[in-house]
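Hydrogens, waters and symmetry mates are skipped; everything else that's a heavy atom, side chains included, is used.
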Amino acid sequence: MNKYGELRKISQVFRNYGIVLTGGRKYDHFVRDLRMDRIFVSGLIFELEYELQREIDEEKLEEIHAPAQVIALLIA
């Protein structure tokens, strides 16, 4: 799958969670700024992994605090 198609899928999943990825909003902290419980963040990451058929390493999951970080790990 090309990068554009992957970004469209990622954008759709974030949209389903009510998260806007435009401008500086993609750097908002999941818990502090977006007021998400950690369980919902885990669910979001699971859905993204499922849509793209990729997995993020377990040790990197604890370092994820913003949508931009998730996108960077999935697209890389």
Side-chain angles (χ1 to χ4, degrees):
M1 179 181 304
N2 62 20
K3 300 280 186 205
Y4 181 73
E6 291 175 349
L7 287 172
R8 284 183 52 205
K9 285 185 177 187
I10 289 170
S11 177
Q12 181 61 42
V13 173
F14 276 109
R15 197 173 311 123
N16 290 342
Y17 276 77
I19 298 173
V20 178
L21 295 177
T22 56
R25 301 290 304 190
K26 63 183 160 269
Y27 300 107
D28 285 353
H29 193 279
F30 283 121
V31 177
R32 286 192 314 252
D33 301 323
L34 299 175
R35 302 197 188 285
M36 291 179 71
D37 289 335
R38 195 66 192 161
I39 192 73
F40 289 112
V41 174
S42 296
L44 169 69
I45 292 170
F46 173 78
E47 281 192 49
L48 289 166
E49 290 175 330
Y50 180 77
E51 282 294 322
L52 297 177
Q53 297 298 306
R54 295 192 181 152
E55 283 189 46
I56 297 175
D57 294 331
E58 291 290 324
E59 59 270 359
K60 292 182 181 179
L61 288 177
E62 295 298 321
E63 301 171 8
I64 296 174
H65 302 292
Q69 292 173 311
V70 177
I71 294 168
L73 289 172
L74 288 171
I75 298 295

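Under a cut-off of 6.0 angstrom, the local environment of CD in Glu58 is sparse, with at most 12 non-hydrogen atoms contributed by other residues, nucleotides or ligands. For Arg35, the CZ atom is loosely surrounded, since the number of other residues' heavy atoms within 6.0 Å does not exceed 12.
Rounding to the nearest 0.5 Å gives a distance of 7.0 Å between CG of Asn16 and CD of Glu47. Distance check: Asn2 CG to Arg8 CZ gives 9.0 Å after rounding to the nearest 0.5 Å. Summarising the geometry, atom CG belonging to Asp57 is positioned 10.0 Å from atom CD belonging to Glu63; distances are rounded to the nearest 0.5 Å. The CD atom of Glu55 sits 9.5 Å away from the CZ atom of Phe46 when rounded to the nearest 0.5 Å. Summarising the geometry, atom CG belonging to Leu73 is positioned 10.0 Å from atom CD belonging to Glu49; distances are rounded to the nearest 0.5 Å.
Tracing side-chain contacts under 4.5 Å through hydrophobic residues (I, L, V, M, F, W, Y), one reaches Tyr17 starting from Leu61; they form part of the same cluster. By the criterion of side-chain heavy atoms lying less than 4.5 angstrom apart, applied directly or through intervening Ile, Leu, Val, Met, Phe, Trp or Tyr residues, Val70 is grouped together with Phe40 in one hydrophobic cluster. Tracing side-chain contacts under 4.5 Å through hydrophobic residues (I, L, V, M, F, W, Y), one never reaches Tyr27 starting from Val13; they form parts of separate clusters. Residue Leu7 is grouped with residue Phe14 when hydrophobic side chains (ILVMFWY) are merged at heavy-atom distances under 4.5 angstrom, including chains of intermediate members. Note: the hydrophobic cluster containing Leu44 also contains Ile39 (ILVMFWY, side chain heavy atoms under 4.5 Å, direct or indirect links).
Shown here are the side-chain hydrogen bond (donor to acceptor under 3.5 Å, both in side chains) partners of Arg15, two or more places apart in sequence or in another chain: Ser11, Gln12.
Of all non-hydrogen atoms in Glu62 and Arg38, the two that sit nearest each other are CA-NH2, 4.5 Å. Nearest heavy-atom pair across Lys9 and Glu51 is NZ-O, 3.5 Å. Closest approach of Pro67 to Asp28, counting heavy atoms only: CD-O, 3.2 Å. Of all heavy-atom pairs between Val20 and Arg25, the closest is O-CB, 3.4 Å. Contact between Glu6 and Ile75 at its shortest, heavy atoms only, is OE1-CD1, 3.5 Å. The two residues Ile56 and Lys60 make their nearest non-hydrogen contact at CG2-CB, 4.1 Å.
The closest side-chain heavy-atom distance from Ile71 to Lys26 is not below 4.5 Å. Contact check for Phe30 versus Ile64: side-chain heavy atoms found under the 4.5 Å cut-off.
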